[in-house]
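This structure is a prediction, so every number in the text was calculated from the model and none was measured. Order of the sequence lines fixes the chain letters, A, B, ..., with proteins taken first and strands second; residue numbering starts at 1 for each chain.
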2 protein chains.
Amino acid sequence: MKTEEKILTAEQEKMARYAKAMGHPVRIYILQLLAGQSCCYTGDLSEELPIARSTLSQHISELKDAGLIQGEYNPPKIKYCLHQENWEEAKQLFTNIFKLKNNGNKCS
Amino acid sequence: MKTEEKILTAEQEKMARYAKAMGHPVRIYILQLLAGQSCCYTGDLSEELPIARSTLSQHISELKDAGLIQGEYNPPKIKYCLHQENWEEAKQLFTNIFKLKNNGNKCS
DNA sequence: TTCGCATTTCGTAAAAATACGAAACAAAAA
DNA sequence: TTTTTGTTTCGTATTTTTACGAAATGCGAA
């Protein structure tokens, strides 16, 4: 970024952050599971998904860092759920961009 | 991916693809502009955004490759608009994941 | 043909994402 | 105390993303 002046809004940055976190099929899988059904444990996922446990752990970390999910130590397991508040915020941001009306403007 | 069996669905892959394309503030900016207002030209954007023209062009390419926008050569400019059909599909995919009900399941 | 305009492609560099297996860790069970 | 269980961190390799300026492209105008 060249200049000092801020062109991109905080909302755009936030939305991009959420979108980026959702930008991998494994992470979509996890979010879908959590959004639709319940909380879950890393071990459960690792049995369903064809990736190494360490890789899965990395994906979970990214979702956590982005704020979309949260974990609770429930020894010896860790229980993961959606971060309700941020998930709601993400929903709002995506809803907003998709409901914009562009008067049927199109190219071809 | 280790095994042959397919765990991740085509929908999940597609959604991740769209999300990934939306995973950068500049690209959100562009999509928001196109969704809300009209079509636009690279030059217009390049005057508003503090990035090099070539970088902007790359971002546009990514949105095009992901299928979210389309361009029409309108010499000597190129006019970009949303790809209505795919944009609608993305909207549907995101709407679906966000409307899932998880019975208030949460961690803390 | 030569010029100018709008945009992309090329070459390159630096940073981030993706993936794995091995090792570490924390806490309960033996 | 040692072992087991569930999970993460470390070390590493490969690929992808992000970014820039310079050069190339396509095309209408002079």
Could you tell me whether the phosphate oxygens of D:dT8, OP1 or OP2, come under 4.0 Å of any side-chain nitrogen or oxygen in A:Tyr73?
no

Atom CG of A:Asp44 and atom P of D:dG6 are separated, to the nearest Å, by 10 Å

B:Lys64 has an atom NZ; how far is it from atom P of C:dT8, in whole Å?
6 Å

Could you tell me whether A:Ser57 contacts a base, only the sugar-phosphate backbone, or nothing, with contacts defined as non-hydrogen atoms closer than 4.0 Å?
base

Counting the benzene-type ring for Trp, do B:Tyr80 and B:Tyr41 have ring centres under 6.0 Å apart?
no

Do any side-chain nitrogens or oxygens of B:His59 fall under 4.0 Å of OP1 or OP2 in D:dA19?
yes

Just the rounded figure in Å: distance from P of C:dA17 to NE2 of B:His24.
11 Å

Quick one: does A:Leu45's side chain get under 4.5 Å of A:Cys40's, heavy atoms only?
yes

Distance below 4.0 Å between A:Arg27 side-chain N/O and C:dT18 OP1 or OP2
yes

Polar side-chain contact A:Gln58-C:dA17 base: donor and acceptor under 3.5 Å
no

Distance, rounded to the nearest Å, where B:Ile60 contributes CD1 and C:dT9 contributes C1'
14 Å

Quick one: is C:dT8 close enough that its OP1 or OP2 comes under 4.0 Å of any side-chain N or O from B:Ser54?
no

Can a side chain N or O of B:Thr55 be found less than 4.0 Å away from OP1 or OP2 on D:dA19?
no

Do the rings of A:His59 and A:His24 sit parallel, tilted or perpendicular, given the 30° and 60° boundaries?
tilted

From CD1 of B:Ile51 over to P of D:dT17, roughly how many Å is that when rounded to an integer?
16 Å

Whole angstroms only, please: what is the CD-C1' distance between B:Glu47 and C:dC5?
13 Å

Under 3.5 Å, is there a donor-acceptor pair between the side chain of B:Asn86 and the main chain of B:Gly67?
yes

Name the nucleic acid region contacted by B:Lys20, choosing base, sugar-phosphate or nothing; use a 4.0 angstrom heavy-atom cut-off, strictly under.
sugar-phosphate

Specify the separation, in whole Å, of atom CD of A:Glu62 and atom C1' of D:dT8.
15 Å

Okay, side chain of B:Thr55, backbone of B:Ile51: is any donor-acceptor separation there less than 3.5 Å?
no

